[in-house]
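When a residue number appears, it is its place in the shown sequence, counting from 1.
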Amino acid sequence: MNRTKRLTAFTMLCALAILFHYVESFVVIPLPVPGFRLGLANIITLITLYLFDARAMFAVSLMRVVFASLLQGMLFATAFWLSLSGVLLSCLAMAIASRCRCFSIYGVSVLGSVFHCIGQVIAVTWIYQQFFMQALLPLLCALGILSGLLIGALAHQVLTRIQKRKG
């Protein structure tokens with residue numbers, strides 16, 4: 001892929017990640033767990049990891065958190081720090097897992113989802129000096145496994161279709 005096509009694809013992935021993140025913030029999932037989201041923007045994160053590399057994945061994820069927070073008027077608010085902590089830990093886990101080559105895209109996605117939950121619980125504990133969220137961590141991780149499988153399946157479908165079009 002030449003430089004212009006690569007930059008265009010990267011920019012489109014950033015825009016899609018920001019859009020998914022922003023739109024998902026308006027969707028309320030009726031669960032007794034505060035703040036749980038499916039993580040639809042992670043479809044783009046996984047696609048970026050598999051089309052480019054871990055460095056590009058980190059860049060897309062960081063831009064997504066910053067720009068979506070700006071759009072919502074929440075830059076440097078608690079929600080920003082929770083999102084950022086989840087994204088950083090999630091991306092680190094996915095980068096390591098994808099390098100090991102022992103995980104499929106589903107395993108990488110599940111690890112990313114679970115570590116996102118862990119990162120957010122760590123941030124909540126640190127910000128509020130409250131430990132009650134740690135009691136919800138097993139439930140959050142179980143939900144993270146389910147959403148990770150869903151996100152992994154969607155990303156796998158997109159990547160398969162991209163590969164077919166390349167030919």
Side-chain angles (χ1 to χ4, degrees), residues 10-99 103 105 107-152 154-155:
F10 180 79
T11 305
M12 289 301 296
L13 289 168
C14 286
L16 283 170
I18 293 164
L19 178 67
F20 283 19
H21 182 105
Y22 185 69
V23 168
E24 188 177 23
S25 69
F26 296 111
V27 177
V28 177
I29 298 173
L31 290 174
V33 182
F36 180 78
R37 305 240 183 264
L38 287 175
L40 295 176
N42 290 326
I43 297 168
I44 307 303
T45 303
L46 280 169
I47 291 168
T48 304
L49 175 63
Y50 283 89
L51 284 181
F52 293 96
D53 56 17
R55 203 160 149 201
M57 174 189 62
F58 271 102
V60 166
S61 297
L62 289 174
M63 282 192 243
R64 165 177 61 103
V65 169
V66 170
F67 286 110
S69 294
L70 274 170
L71 282 171
Q72 295 169 317
M74 305 282 274
L75 189 62
F76 303 124
T78 302
F80 168 79
W81 295 112
L82 295 178
S83 186
L84 183 65
S85 62
V87 159
L88 291 175
L89 200 54
S90 172
C91 285
L92 181 63
M94 290 191 293
I96 292 169
S98 68
R99 278 193 133 193
F103 292 100
I105 192 168
V108 171
S109 179
V110 166
L111 281 171
S113 182
V114 168
F115 275 87
H116 193 278
C117 294
I118 293 168
Q120 288 190 325
V121 168
I122 290 169
V124 164
T125 303
W126 183 70
I127 291 168
Y128 292 114
Q129 296 296 303
Q130 296 289 326
F131 300 94
F132 70 91
M133 281 299 288
Q134 292 174 2
L136 291 175
L137 190 56
L139 179 58
L140 285 170
C141 288
L143 290 168
I145 291 169
L146 294 174
S147 69
L149 288 170
L150 173 67
I151 298 306
L154 292 170

Between [X] and [Y], which heavy-atom pair has the shortest distance, and what is it?
| X | Y | answer |
| --- | --- | --- |
| R37 | V27 | NH1-O, 3.0 Å |
| Q120 | G86 | CG-CA, 4.1 Å |
| M94 | G112 | CG-CA, 3.5 Å |
| G144 | V114 | C-CG2, 4.4 Å |
| V87 | S61 | CG1-CB, 3.4 Å |
| W81 | A123 | O-CB, 4.4 Å |

Could you tell me the separation between the [atom1] atom of [X] and the [atom2] atom of [Y], rounded to the nearest 0.5 Å?
| X | Y | atom1 | atom2 | value |
| --- | --- | --- | --- | --- |
| S90 | F58 | OG | CZ | 8.5 Å |
| S85 | I127 | OG | CD1 | 7.0 Å |
| I47 | M12 | CD1 | CE | 12.0 Å |
| I44 | L51 | CD1 | CG | 10.0 Å |
| L38 | F20 | CG | CZ | 12.5 Å |
| S109 | L149 | OG | CG | 7.0 Å |

- Task: Show the numbers, then the answer: is there a side-chain contact (heavy atoms from CB on, under 4.5 Å) between F52 and V60?
- Result: CA-CA 11 Å; F52 293 96; V60 166; over 6 Å; no
- Query: Are I118 and I122 close enough, and set up right, to give a side-chain contact (heavy atoms from CB on, under 4.5 Å), and what steps lead you there?
  - Reply: CA-CA 6 Å; I118 293 168; I122 290 169; 3.8 Å; yes
Less than 4.5 Å apart, side chain to side chain, heavy atoms only: is that true for [X] and [Y]?
| X | Y | value |
| --- | --- | --- |
| Y22 | Q72 | yes |
| L62 | L88 | yes |
| T78 | Y128 | yes |
| L136 | V121 | no |

- Query: Within the side chain of Q134, is there an N or O that forms a donor-acceptor pair under 3.5 Å with the backbone of T125?
  - Reply: no
- Message: Under the criterion side-chain contact (heavy atoms from CB on, under 4.5 Å), I'd like the reasoning laid out for M57 against L13: C-alpha separation, chi angles, the key distance, then a yes or no.
- Response: CA-CA 10 Å; M57 174 189 62; L13 289 168; over 6 Å; no
- Query: side-chain contact (heavy atoms from CB on, under 4.5 Å) between H21 and S83: does it pass, once the steps are laid out?
  - Reply: CA-CA 10 Å; H21 182 105; S83 186; 3.5 Å; yes
